[in-house]
Amino acid sequence: MAELALLTSFLAASVRLGVPLALAALGETVSERAGVINIGLEGSLIAGALGGALGALAWSSAFGGILTGAAVGALVAVVFAAFVVGLNTDQIITGTAITMGGLGVTGAVYQARFGLTGTTLTLPPLSSVPVPLLHRIPVLGPALFDQAPTAYFAVVMGILLWYGLFRTEWGLELRAVGESPDAAQAAGVRVRWTRFWATVFGGLMAGIAGAHLALDSGTFIEGMSGGRGFIALAVVVLGRWNPLWVVVAAIFFGGASALQFSMQALGWDVPHQFFLALPYLLTLAALAGWVGRARAPSALAHPWPKTSI
Amino acid sequence: MTDSGAESASPPSVELEAIRKRFGPVVALDGVDLEAFSGEVHALVGENGAGKTTLMGVLSGVVRADEGVIRIAGRPVRLAKPRDAWAAGIGMVHQHLTLVPTLTVLENVALGVRSAAWGLRLPFDQVRSRLDALSNETGLSVDPDVVVERLSVGERQRVEILKVLYRDPRVLVLDEPTSVLAPQEVEEFFSVLRGLASEGRTVLLILHKIDEILAVADRVTVLRGGRVVHSGVSDTMDSGSLARLMIGRAVAAHEPPRPSEPGAELVRLEGVSARGSKGEMALRDVHLTVRRGEIVGVAGVDGNGQRELALILAGAESPEFGTVHLPDTVGFIPADRLGEALVPDFDLTQNVALALTEAPRYRQGALLRWGRLRSATARLMDLHGVGAPTPAVRAWQLSGGNQQKLVVGRELMRSQNLLIARNPTRGLDVAAGRFVKDELRRMSRSSAGEEGEDPPGVVVISSDLDEVLELSDRIFVLRRGRLLAVPEDRRTREFVGALMVAHAGDPSE
Amino acid sequence: MAVASEPVDFVRRVARLGLWLAFLSSACQPPGEDAGAPFQVALLTSGPVSDAGWYAGAYEGLQMIADSFGAHISHQQTRTPAEFDEAFFAYASSGYDLIFAHGFEYQDAAIRAGAEFPETTIIVSAGGRVAHNVIPLIFQLEEGSYLAGIAAGSLTKTGVIGMVGGVAIPPAEGTFDAFEAGAKSVRPDVEVLVTWIGSWNDVTAAKEAAVALLRRDVDILIHNTDAASFGVFQAVREARGDGRDVWAMGMNRDQNDVAPELILGSAVIRIPEGFVEITRLWYDGDLPGEAYYAGSKASLVDYVVNPARVAEYTPELLALLEETRTGIREGTVDIPRIQFVSDEEANR
Amino acid sequence: MLTPGTRVNRLLRFGGLGVALAALLITGVVAVGALVAGGYDPGVALGALVRGAVGSPEQFFSVTLVRSVPLILTGLAVALAFRAGVWNIGAEGQLYAGAMAGVWIGLAAGDLPGWIVVPLVLVVASTAGAVWALVPTLMRLRLGVGEVITTILMNFVAIHLVGYMVHGPLQESRGVFPQTDALAAAARLPALIPGTRLHVGFAVAVLLGVALWLVLRGTVFGFRLRAVGQSPAAARITGRIDGKRVILVTFLASGALAGLAGAMEVSGRTFALYEGLSPGWGYTAIAVALLAGLHPMGVVAVGIMFGALEGGAGAMQREAGIPAAWVSGIEALVILAVLAAGQGRKWLVQTRLERGRPAEASVG
């Protein structure tokens with residue numbers, strides 16, 4: 001019985017830790033499918049966190065925070081997209097700048113708003129919502145069906161995006177843009193337009209992920225994204241650019257992180273740095289084991305149109 | 001300038017007026033006028049660089065004209081991007097195929113067409129049934145669920161045409177559609193085109209081969225140096241007059257191959273089998289010998305093991321089974337000039353160096369002797385007439401013909417023993433193609449080596465049957481991975497062509 | 001400014017510094033004016049001062065030094081140990097008299113800089129190395145967390161208490177050791193669990209670590225995670241929302257009013273006051289050439305019972321806390337301490 | 001004859017200065033606007049920036065140039081890898097691996113004379129960087145797993161390994177502080193200019209930049225590396241180049257360069273290993289390398305520029321009270337401005353070429 005309770009709490013923690021990754025990675029899946037790799041995801045994420053905190057305070061509601069976070073994350077992605085799609089700059093370098101800038105500007109804005117030495121924000125909580133009936137299922141119920149609304153949103157988005165990418169004309173156009181922009185253009189697809197909106201959507205989802213981070217922990221502090229933007233990039237690969245697998249991969253990574261806390265809580269006498277590194281090691285192993293030759297979109301990170309000079 | 005035909009009662013379906021286009025310093029189109037009518041197959045001919053592809057680009061919205069007016073069915077239109085062309089009812093089959101390799105045939109056909117419901121649905125069933133109908137109508141059949149990258153070039157061409165027809169265009173533009181087809185397929189294809197025209201469409205074609213032009217076109221427009229030099233019905237032309245119009249001077253008839261005196265054996269393949277890039281058996285039990293001083297021709301439709309055979313002969317890959325004996329150095333002219341033969345962003349010297357990093361003459365220990373490479377490149381450009389202002393230009397800046405001259409010259413520098421060439425004249429105009437063929441023949445006949453060695457052997461692997469027939473001393477056909485020898489007394493277009501297309505390019509086996 | 005979030009705290013501190021503050025500040029120019037400023041004081045931190053914790057306390061101290069002594073102040077956040085030498089050199093060579101380097105990591109560079117600039121005094125928080133002008137400032141937070149341990153050991157119902165740590169550095173490890181010892185002094189069979197999250201600002205990780213501990217029947221959680229501590233409070237808040245009888249304890253600064261409904265009390269270091277005290281000693285020429293211990297003796301470390309939760313404490317417990325506090329102050333209660341400064345260093 | 005090739009080259013060369021000026025202008029305008037909005041005096045701030053970067057020999061040698069060393073070395077690591085088409089985002093982790101190994105051998109061999117220990121530290125650290133790069137290399141070559149993600153993951157692993165090392169096997173002898181003992185004088189890099197903190201690592205970094213430039217330009221291997229990076233298919237089929245071998249060697253060399261950067265930091269600046277040794281040099285290196293156009297000498301120049309920027313930013317904190325968070329914001333701004341100006345130049349060259357008179361050459 002105690003073991004089962006432990007399992008339940010482990011699963012619940014896996015989902016909780018996986019949700020922000022899933023949200024950000026789902027958005028990134030869409031933009032990568034359109035051929036844009038956004039290394040600046042971390043920037044959208046932290047901006048979304050600050051936006052989420054400010055929004056939640058302003059509207060006195062967690063939902064308002066999520067919306068604001070989404071808007072701010074999207075705004076950061078608009079800057080990114082303006083450079084990589086509009087000006088055709090290098091995606092990796094622009095993304096690096098966006099991450100740096102995101103971390104810096106959020107810090108500066110936070111200090112401007114709450115004072116140099118910070119303050120103890122208390123945000124309206126993102127309370128968990130049990131799904132009627134389902135949450136009573138033993139073991140799984142409390143783990144999977146008693147989560148924050150953002151968790152359900154992530155799963156629903158996973159399904160919707162899978163449908164959108166593989167079962168709609170939009171999705172077909174978007175995938176074509178990421179595989180072969182020249183061919184897509186010749187077929188009459190608006191390549192830049194598609195890339196722009198896919199990137200902005202990616203930022204929007206990262207913004208929601210950031211807002212989730214802030215509201216879930218009830219506060220904002222500088223640098224609280226903690227590299228999750230980079231992890232989300234790994235999750236996209238782990239999920240083979242397929243929204244459904246991406247959600248699974250995010251929860252897998254969440255599980256690996258939850259393991260570190262569970263194991264430390266069990267009082268295992270292993271250097272805790274090992275547990276901290278565990279999620280990354282497990283992800284490496286998973287990449288080596290089953291992702292293997294999963295192929296990235298062919299035109300990923302290629303500027304378009306190719307400049308000739 | 002134009003000689004309007006009998007159909008001029010209704011307005012021309014396509015009317016171009018004074019189209020000008022400049023790429024940097026190069027004037028590609030210098031005031032082109034063109035009229036094409038519905039119901040006709042209209043051929044657009046000219047040498048490489050004459051402006052044909054640019055003109056078609058203008059018509060399909062890929063290239064934006066600097067000046068000029070385009071009218072479709074009498075109404076002026078603005079074609080700034082491919083979408084505009086589709087909207088105006090113009091469908092384009094490009095020379096560089098524009099399918100998305102990782103998508104299925106069905107997805108490629110459906111791409112860019114919005115059916116209903118704001119694109120929120122992908123009506124696969126609808127696409128499938130229309131595709132079936134189109135296949136039946138035209139005789140162009142292809143499995144709709146296979147991923148395009150698994151198709152042979154010929155099959156991709158079919159998909160490309162189906163994709164365009166799927167949108168039911170009133171004007172169909174095709175850029176060199178026959179270059180990847182076997183002779184029998186060309187016949188069939190032309191009847192499809194005539195059928196399409198008879199439905200009231202306009203078919204605009206870019207073609208190189210004069211006999212094909214005369215066979216299919218109702219009317220011909222000849223471009224030279226970005227200007228229209230002639231436009232008229234094809235009945236009034238013969239091959240000689242057409243060639244003169246295209247090149248601006250008479251072309252000497254080529255001499256037939258004189259019999260060779262094969263020398264020492266250079267290559268021996270015994271029981272060679274190899275897998276293709278998808279893991280399928282691409283070559284099965286191939287036996288082949290090549291001697292000095294002979295040209296061995298391997299005809300066949302691409303996708304039947306051509307790539308694998310070429311790479312094994314070039315020494316770039318090893319077979320799965322069988323034994324291979326090759327000379328020390330092998331020159332290789334791959335099919336894909338900018339993908340495999342040249343590095344587009346390297347300058348010409350660097351592209352020459354790419355093939356010579358092992359040559360002791362151009363190395364000093366771990367260092368490359370750039371001085372020698374530079375002067376060698378300059379000599380090569382001189383010798384083979386590579387038209388470029390300086391060896392410092394990038395490979396992508398050269399025309400296709402000049403790229404190929406550079407490649408041929410370079411591979412001759414690499415090896416005096418054996419030269420493997422795949423589709424060596426594809427995409428080249430008549431003059432450039434002639435030049436390359438002459439080079440291949442000259443080297444296989446003369447004592448090429450500076451020390452008076454024996455002449456090298458040459459293997460030409462090509463889907464262009466005429467090229468193979470014209471050049472080769474001995475002919476083989478490569479079909480579904482098997483190498484079939486063609487007896488000396490059956491070297492006819494009909495026999496070899498039939499051998500090539502029996503279930504050509506079926507990758508399922 | 002930033003202190004507005006804790007106005008009560010701020011007012012109290014100002015009041016305690018009382019008379020001589022008023023005396024000094026009346027004699028001084030407004031801060032930031034080089035000309036006429038009696039001396040210049042700099043602060044180095046390796047993290048952002050917006051953490052509302054360890055670094056924020058140091059920055060507040062710096063501001064109080066400006067307010068109280070009229071000193072010209074400056075702050076630099078170093079991003080890497082490689083910048084330490086550069087920062088010390090820049091401040092010392094432009095005539096700064098006193099440099100607070102707020103973290104053990106500065107100690108080696110401080111010794112190098114101290115040797116080069118004998119006129120400059122460097123205070124290294126939690127440092128372990130001593131020179132005539134390089135003074136470790138050691139906050140004996142163990143004393144506060146030992147008291148917190150006593151409270152936790154007495155108040156736990158499940159007999160399991162937990163600690164969430166940021167990065168395992170000596171000051172943090174020391175507080176946990178003392179916390180455990182305090183708890184065991186009143187309840188020897190108490191089980192103490194610890195989780196490190198490897199970060200000072202990953203709130204989400206802190207929350208999950210706390211959740212995992214709460215699942216292990218922990219009912220009182222203390223932390224030493226600096227800014228990420230809100231994650232711990234959030235976890236406790238949510239568990240209480242589920243009807244569980246669990247509590248949190250604050251650390252470093254007085255966090256009682258951050259979440260008065262769930263924080264039993266805080267183990268507090270009064271960093272700003274410590275800085276001011278050091279500055280006063282230096283100003284008067286009384287700063288000894290050895291480590292300065294800021295502990296309960298100087299009222300710079302304490303365990304502050306949350307006034308809003310005082311009802312949770314039995315009178316006996318309150319008495320025990322008071323008694324132990326006095327004992328620590330007088331040296332009669334022995335608590336585990338990390339020896340930051342080795343004897344060899346101290347006698348140098 | 002003015003050929004189109006030389007026209008383009010001349011325009012690009014001429015454009016170089018213009019880009020720098022335009023980027024400076026964009027950065028200046030936006031930065032001043034932001035400073036004013038933030039309530040800071042832009043004059044004081046920018047003055048501090050300049051003083052902090054190049055204001056005095058001390059600032060220039062002991063701050064700007066010293067700070068440029070890890071940026072140049074990791075920048076070279078990234079540039080080399082990118083040239084071969086290897087997307088090594090893992091310079092950060094390789095740097096940490098080098099720092100760990102360097103400190104370890106430096107402490108272990110501290111009794112030996114300096115002319116043995118210092119080279120030993122550098123060699124061992126480079127090896128460790130290469131070993132750290134080996135995992136992603138093998139995963140790419142053997143399993144076909146892209147290195148962008150694996151190198152990022154290895155960065156996180158390295159950071160936690162450092163955490164373990166300074167708490168465990170490499171912790172200082174008293175076992176209190178999470179850092180290593182200080183390296184003995186023999187294991188420290190000697191000063192390049194006496195009286196400054198500039199260590200010989202700077203000279204090594206610049207020399208490596210020159211060496212790498214010559215290797216890429218002049219050697220068979222360098223040429224093959226570039227060919228593999230530009231066109232793997234042409235390299236294999238026409239060049240008969242063993243692409244896997246080139247990638248293996250390049251990836252490991254890239255890791256070694258980053259590892260060397262780690263050794264330079266511990267042996268030249270901090271003299272001990274700490275957690276948080278790198279503020280993300282491995283990531284900044286990407287910007288450095290790409291802004292330099294992947295040219296080794298460009299990396300040296302851009303590395304010094306970034307060193308100046310960061311050094312100046314430190315002064316901005318001290319003298320103008322600009323919080324550190326602003327610094328990354330301004331760095332990002334500089335990168336974006338350079339990018340925008342660079343694209344503007346391309347556009348300019350394009351239009352001017354198109355307006356130019358037709359050339360005789362058969363190009364196009």
Side-chain angles (χ1 to χ4, degrees), chain A residues 37 39 43 79 83-84 86-90 92-112 116 222-223 227 230-231 233-238 271-281 283-284 287-289 291-296 301 307-309, chain D residues 8 11-12 34 37-39 82 87 89 135-136 139 142-146 148-150 152-165 167-168 280 283-284 286-287 289-291 322-336 339-340 342-344 346-347 349-350 353:
Chain A
I37 184 164
I39 301 266
V79 176
F83 273 85
V84 301
L87 289 174
N88 240 340
T89 58
D90 184 274
I92 305 274
I93 182 172
T94 312
T96 311
I98 293 287
T99 291
M100 272 186 195
L103 292 169
V105 171
T106 50
V109 169
Y110 174 75
Q111 289 176 2
L116 276 182
E222 277 189 67
F230 292 106
I231 303 307
L233 290 168
V235 165
V236 173
V237 179
L238 201 57
H272 72 271
Q273 291 89 359
F274 172 75
F275 295 119
L276 294 175
L278 191 62
Y280 309 101
L281 292 169
T283 305
L284 276 169
L287 283 169
V291 175
R293 294 175 191 275
R295 200 159 60 170
T307 40
S308 49
I309 289 183
Chain D
V8 173
L11 274 171
L12 286 176
F82 282 19
W87 296 95
I89 317 288
V135 176
M139 282 181 79
R142 291 285 168 82
L143 303 168
V145 182
V148 170
I149 300 305
T150 51
I152 289 179
L153 291 169
M154 289 296 286
N155 289 346
F156 287 100
V157 176
I159 285 168
H160 291 304
L161 186 60
V162 171
Y164 170 67
M165 285 296 172
H167 283 95
Y283 300 106
T284 313
I286 298 166
L290 287 166
L291 286 178
I322 314 270
W326 284 68
V327 175
S328 8
I330 289 174
E331 262 183 28
L333 192 63
V334 170
I335 297 173
L336 291 179
L339 283 174
Q343 292 306 108
K346 277 187 187 170
W347 177 83
V349 170
Q350 196 103 49
L353 266 184

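First the proteins, then the strands, lettered A, B, ... as listed; each starts at 1.
Here the CD1 atom belonging to D/I89 is positioned 9.5 Å from the CG atom belonging to A/L233, to the nearest 0.5 angstrom. Taking CG of D/N155 as the start and OH of A/Y280 as the end, the distance is 10.5 Å to the nearest 0.5 Å. Between the CG atom of D/L153 and the OG1 atom of A/T283 there is a distance of 5.5 Å, given to the nearest 0.5 Å. We find the NE2-NE2 distance between A/H272 and D/H167 to be 6.0 Å, quoted to the nearest 0.5 Å. For the atom pair CD1 of D/I286 and CD1 of A/I92, the computed distance is 7.0 Å after rounding to the nearest 0.5 Å.
A 4.5 Å side-chain heavy-atom check between A/L287 and D/I149 finds at least one atom pair inside the cut-off. A 4.5 Å side-chain heavy-atom check between A/L87 and D/L339 finds every atom pair outside the cut-off.
For D/L291, the parts sitting under 4.5 Å from any heavy atom of chain A are the backbone and the side chain alike. For A/A112, no part sits under 4.5 Å from any heavy atom of chain D, backbone or side chain. Contact of A/L278 with chain D is not made at all, since no heavy-atom distance falls under 4.5 Å.
Listed options A/V109, A/I39, A/L276, A/I98 were ranked by heavy-atom pairs under 4.5 angstrom with chain D; first place goes to A/L276. Ranked by non-hydrogen atom pairs under 4.5 Å with chain D, the options A/P279, A/A234, A/G101 are led by A/A234. Comparing A/F83, A/F274, A/F230 by how many heavy-atom pairs each has under 4.5 Å with chain D, the most go to A/F83. Your options are D/Y164, D/W87, D/F156, D/W326, and the one with the most heavy-atom pairs under 4.5 Å with chain A is D/F156. Between chain D and the options A/G107, A/A108, A/G43, A/A301, heavy-atom pairs under 4.5 Å are most frequent for A/A108.
Here the shortest heavy-atom pairing between A/A97 and D/A332 reads O-CB, 3.1 Å. Looking at every heavy atom in both residues, D/Q343 comes nearest to A/N88 through NE2-O, 3.5 Å. Closest of all the heavy-atom pairs between A/L284 and D/M139 is O-CE, 3.4 Å. Nearest heavy-atom pair, D/S328 versus A/M100, reported as atom, atom and distance to 0.1 Å: CB-O, 3.5 Å.
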| said: Show, in sequence, the C-alpha distance, side-chain angles and deciding distance for D/L336 and A/T94, and conclude whether the side-chain contact (heavy atoms from CB on, under 4.5 Å) test is met. | reply: CA-CA 7 Å; D/L336 291 179; A/T94 312; 3.8 Å; yes

